[in-house]
Amino acid sequence: MGLLSDPRRRRALSRLVLRLNTPLCILSYLAGLGWFLGLASPPFTLRTYMSENAMGSTMVEEQFALGERALSYAREFAGHKKKVGGIPVAWLEKTMWNLGLEVYKQPFSRTLPFPDETRERYMVKGTNVYGILRAPRAASTESLVLSVPCSPGQHNSQAVGLMLALAAYFRGQIYWAKDIIFLVNEHDLIGMEAWLEAYHNVNITEVHSSGVLGRAGAIQAAMALELSSDVITSFDVAVEGLNGQLPNLDLVNLFYAFCQKNRLLCTLQGKLQHTDWDTLPAYLHSLQTLLLMVLKQGSGRPQGAHGLFLRYHVEAITVRGINSFRQYKYDMSIVGKTLEGMFRKLNNLLERLHQSYFFYLLPSLARFVSIGVYMPAFGCLVLSLVLKALDLWMKLSKCDAGPEEQLCDGQQGAAEAVAEESRPGLLTLVPPLLICHATGLTLYFLPVLGQHVATQHFPVSEAEAVVLTVIAISVAGLALPHNTHRVLTGSRSERGWMTLKLLSLLYLAMQLGCIALINFSLGFLLAVTMVPVAAIVQPNGPKFLYAVLLVLVSPAVTLLLCIILYQELIEYPVSALECWQLFLQAVSEGLLDHYLYGSIVFPFIALFVYPCWLLFWNVLFWK
Amino acid sequence: MAAPLVLGILVAVTVRAVLYRSSLAGFISERVEVASPLNAWKRVVEGLALLDLGVSPYSGDVFHETPLIIYLFHFLIEYSELVFMITDVLTAVALYLAVQDFNKVVFKKQKLLIELDRYAADVAELIRTPMEMHYIPLKVALVYLLNPYTVMSCVAKSTCAINNTIIAFFFLATIKGSTLLSAIFLALATYQALYPLTLFAPALLYLLQRQFIPVKLKSKGFWLYTMQYATLYLGSLVVIVCLSFFLLNSWDFIPAVYGFILSVPDLTPNIGLFWYFFAEMFEHFSLFFVCVFQINAFFYTIPLAIKLKEHPIFFLFIQLAIISIFKSYPTVGDVALYMAFLPLWSHLYRFLRNIFILSCVLIVCSLLFPVLWHLWIYAGSANSNFYYAITLTFNVGQILLISDYFYAFLRRQYYLTHGLHLTRKDGTEAMLVLK
């Protein structure tokens, strides 16, 4: 308290903040940005290590040798699938039964809020089939899950084959202490969500299902497998789950350890790992990997079937087999051995995975950045908002104290007017706040509620109607200040916009702070774009320039920019038209993620970020 | 003047009625920040069910409210939502009337002191005017009614709202100078939550001041009046406790309510300081530390009573804040009560130092509570340390806020008697520094 209550030091401090405000803001923004860019380099990253004792030291030799059998299962499954034209429930049930598993099926149905055009589905009906391998040594209180999505077409039948072969092999072993659930789910994530909800006996989304009959205790860990060719060249691991949640780092470590043991090539975000760490190309490479992770995590989408497990406190990863033009190919036996090893280690767990990190960023599989290291980058970005707010606050309170001091840089007359109407100042802020949030509510509710009206009056399909309504409302928000300034009376002063800006800055800082704790990447992406423009926007000055900048950082344009960056990073650049297509698709998928799985990105943007952005727009056009 | 109050009440009641009907009601009533083990509605319902079955409501260690509350809701369970809305409105009206009266007293006292020429010459800008004091009662009432904390605790049907009403009525009775009613309401408040017994000191000081009895340990009138007030207070407390005994025909409620408050056996996280410490502590030491923690809530009364002898209502405000910070099961409803008093001290605004930072800290913490709770309990990625860090920040913020107000109050008093432009011995301008 000494520093803050001694008036002399205090005055010096406040003078510092006032005089050096702009340089300090710029400095803290650049520091935040620099810190983030530095995250991919060695001093910030730590080597990954296994924290969990139970999985660390035990040495086992994997003996899975049913690679050929896996492939024959895969061919048989593909044949039956083609014949049935969906998931071959009867064949799966029979095969699993013959392997000695307890087999259950779970029919489910879900009507989407609007048709999903990229996957061509609206009224979804499907069946999940799963078999439980009861552990001979335990009382079915804990279980592990191996899940395989059964997607349409030739996709993924090898994964089903490998899963069945693993089940056959696991059945013969005596060391299992946890039940193992082998799950084949239809309609990828929708089926997964239906199964998880039924297994945990909750109903969060509007999935209708018959409920599950067989349970195997609390799920300790899960793995989703995707495999579409007979041989693979590398493994890719996906960690980002719903709302940017991540599995415990130990699970990723486990995967990496077994890949190394079996000399399998493994990739993260589709990128290979560099072994050297000090060279510039290596740094750029890991920065790209890191950025890809940030973009994927920020989208809040589950990057695989594992993403939905995380919400139920189940640590899970998705493992994808990739077949590219490399020389060394690995057959099913090696892949099977890797999975076998992982399951045996997970089987040794004495308690849930909790030792290692839950908040991390991965610039490569061998290195990670923990929350304590990456949070300062975000903190610096938000600090510049707070500094700006402090500056405004001091100017405002000086205006209060004595208008003759000319600190609110207006003319004498204006300053006197300020002093006169100092009290009703807060009331004039109510209309913009209300109108902006009402627009946000419209943006959230109208697209889905109004789709049928839109399709009747315009020549568009439902999905197009929803996306176009979202865009139309966001654009319509730009016209708002011209309507609100008439509602406001007596706001012809510096004070009005300064108070509104102060409020908006704090509002933005709080939003970003809260979301960064839940989903760091989303918070960081929004902060990087919105913070500088939010700090400089004001009604006097180059208005046109400010308007352009503000539009550039609006949530919609940020999404567009993120898509372009993403395409650049995966080395698959797109033309403007394709980019627009991707943008429309991203909007509709964002909405679907929210309605189908409960992703919070769309409501957060619509109800909080967008209204806050509109407040800045109001500041810019304050009259 | 009454019209805006009625309008405010209508808005407040509408907001509450809408929230009761929305899906948020369930979510809010589960929040640990709003409902503590003492006052959660779920527990009251459980107690009622036990009572209806003919079992003591205190068997089973779920119910910890007082017998009077359970009998109140025994008759009013059907109208519980209405009861909570009415208690909130009553609190606001009581605060409104009390502050209106208090303002008159303050103004009279100020006039008297000016006439007696007690103030320094250049303090004209510190003198309070009827103009600025006119809206204060309305502001106090509205701040209480529309404070999100109050709204949430009403929607969660936390019985903390009833405690607040009792304290507001105690405040009103004290301001009006009614010794008997003040003692009765203080006894009720003590009976409800135990901690308000520290409000005895400010109430006594105010009543003495009102009767122009000097606070001197040697004067006979002082002791006579103190004994009279204390007897009334203790007498009504005994009557209420005995009434509770006859209602339930057992003394079960003493350990279940007061034992529960004092020994802090339930370590469910809340916005207070107790739970984390005692969850971490070895059982062996917990008795000692419970005493240390509990003393905090009571101890500050003595130095404050000495320092703020002349300003009992400010003392009352500080004491309320201290209770809501240091009590064993605090909820946001307690915070809302002392926050309603803040407009009463709006003349201290120019002396406040960190009000901007502190209000930001309090708002940010209130937002982070549910976020970190989600990360800890639902996502499983954070842990209790994250939540406790925010609890700690919230309480430090409250403490700094209160000390800021306290210091500002003392500074204003000093300026009033010594003049606004202080000079050192050598003639240069001097400053007041808190060390």
Side-chain angles (χ1 to χ4, degrees), chain A residues 1-11 14 204 241-249 310-315 352-354 356-360 371 382 385-386 389-390 392-394 396-397 400-401 423 502-503 505-507 509-520 523 600 608, chain B residues 11 125 131-132 134-135 139 146 346 349-387 389-390 393 396 399-401 403-404 406-408 410-411 422 429-435:
Chain A
M1 276 304 274
L3 184 68
L4 286 178
S5 60
D6 182 348
R8 247 166 265 118
R9 278 187 226 158
R10 219 183 131 80
R11 200 172 291 166
S14 61
I204 312 169
L242 185 70
N243 291 330
Q245 213 182 327
L246 299 171
N248 194 297
L249 190 57
L310 298 174
R311 176 162 56 182
Y312 296 89
H313 245 278
V314 178
E315 307 311 321
R352 279 175 190 279
L353 286 167
H354 68 281
S356 194
Y357 295 81
F358 283 96
F359 297 101
Y360 52 85
I371 180 168
V382 172
L385 281 185
V386 177
L390 258 177
L392 278 174
W393 169 259
M394 283 179 202
L396 276 172
S397 43
D400 250 357
R423 278 305 108 196
L502 173 67
L503 200 76
L505 283 173
L506 292 176
Y507 190 37
M510 282 168 199
Q511 280 178 7
L512 292 177
C514 286
I515 201 67
L517 279 172
I518 296 176
N519 184 346
F520 166 77
I600 57 163
F608 298 106
Chain B
V11 172
E125 51 187 295
M131 272 294 281
E132 52 139 344
H134 184 66
Y135 286 105
K139 277 186 198 161
L146 300 177
S346 54
Y349 179 76
R350 56 180 291 170
F351 297 112
L352 291 178
R353 293 181 174 280
N354 306 319
I355 183 74
F356 176 67
I357 296 172
L358 291 177
S359 36
C360 285
V361 166
L362 291 184
I363 295 171
V364 168
C365 286
S366 315
L367 289 178
L368 285 181
F369 277 130
V371 169
L372 289 172
W373 184 260
H374 168 85
L375 285 181
W376 173 23
I377 300 296
Y378 295 103
S381 39
N383 52 41
S384 60
N385 299 322
F386 286 60
Y387 191 76
I390 287 303
T393 323
V396 168
I399 292 168
L400 290 181
L401 182 76
S403 45
D404 210 6
F406 184 61
Y407 180 48
L410 294 184
R411 222 150 62 104
L422 304 173
E429 197 178 332
M431 269 174 202
L432 287 181
V433 179
L434 176 73
K435 293 249 165 146

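Labels below follow one simple rule: chain letters A, B, ... track the order of the sequence lines, proteins then strands, and each chain is numbered from 1.
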Do the non-hydrogen side-chain atoms of A:Leu505 and A:Trp393 ever get within less than 4.5 Å of each other? no
Do B:Phe356 and A:Leu396 come close enough that some side-chain heavy atom pair is under 4.5 Å? no
For a side chain to side chain contact (heavy atoms under 4.5 Å, CB included) check, start with the C-alpha distance between A:Phe358 and A:Leu310, then their side-chain angles and the critical distance, and finish with the verdict. CA-CA 11 Å; A:Phe358 283 96; A:Leu310 298 174; over 6 Å; no
Per-residue contact mode, [X] against chain B (heavy atom under 4.5 angstrom):
X: A:Leu390; value: both
X: A:Leu506; value: side chain
X: A:Leu242; value: neither

Out of the candidates B:Leu352, B:Asn354, B:Leu362, only one should pair with B:Leu401 under the side-chain contact (heavy atoms from CB on, under 4.5 Å) rule; please name it. B:Leu362
Can you tell which part of B:Ile377 gets under 4.5 Å to a heavy atom of chain A, answering side chain, backbone, both or neither? backbone
Going by the rule ring pair (Phe, Tyr, Trp, His ring centres under 6.0 Å), which residues pair with B:Phe351 if we only count those two or more places apart in sequence or in a different chain? B:Tyr415
Does anything in residues 365-372 of chain B reach chain A? List residues with heavy atoms under 4.5 Å apart, or say none. B:Leu367, B:Leu368, B:Val371, B:Leu372
Checking A:Asn243 side chain against A:Gln245 main chain: does a donor-acceptor pair fall under 3.5 Å? no
Winner by heavy-atom pair count (cut-off under 4.5 Å) against chain B, out of A:His313, A:Arg352, A:Met510, A:His354: A:His313
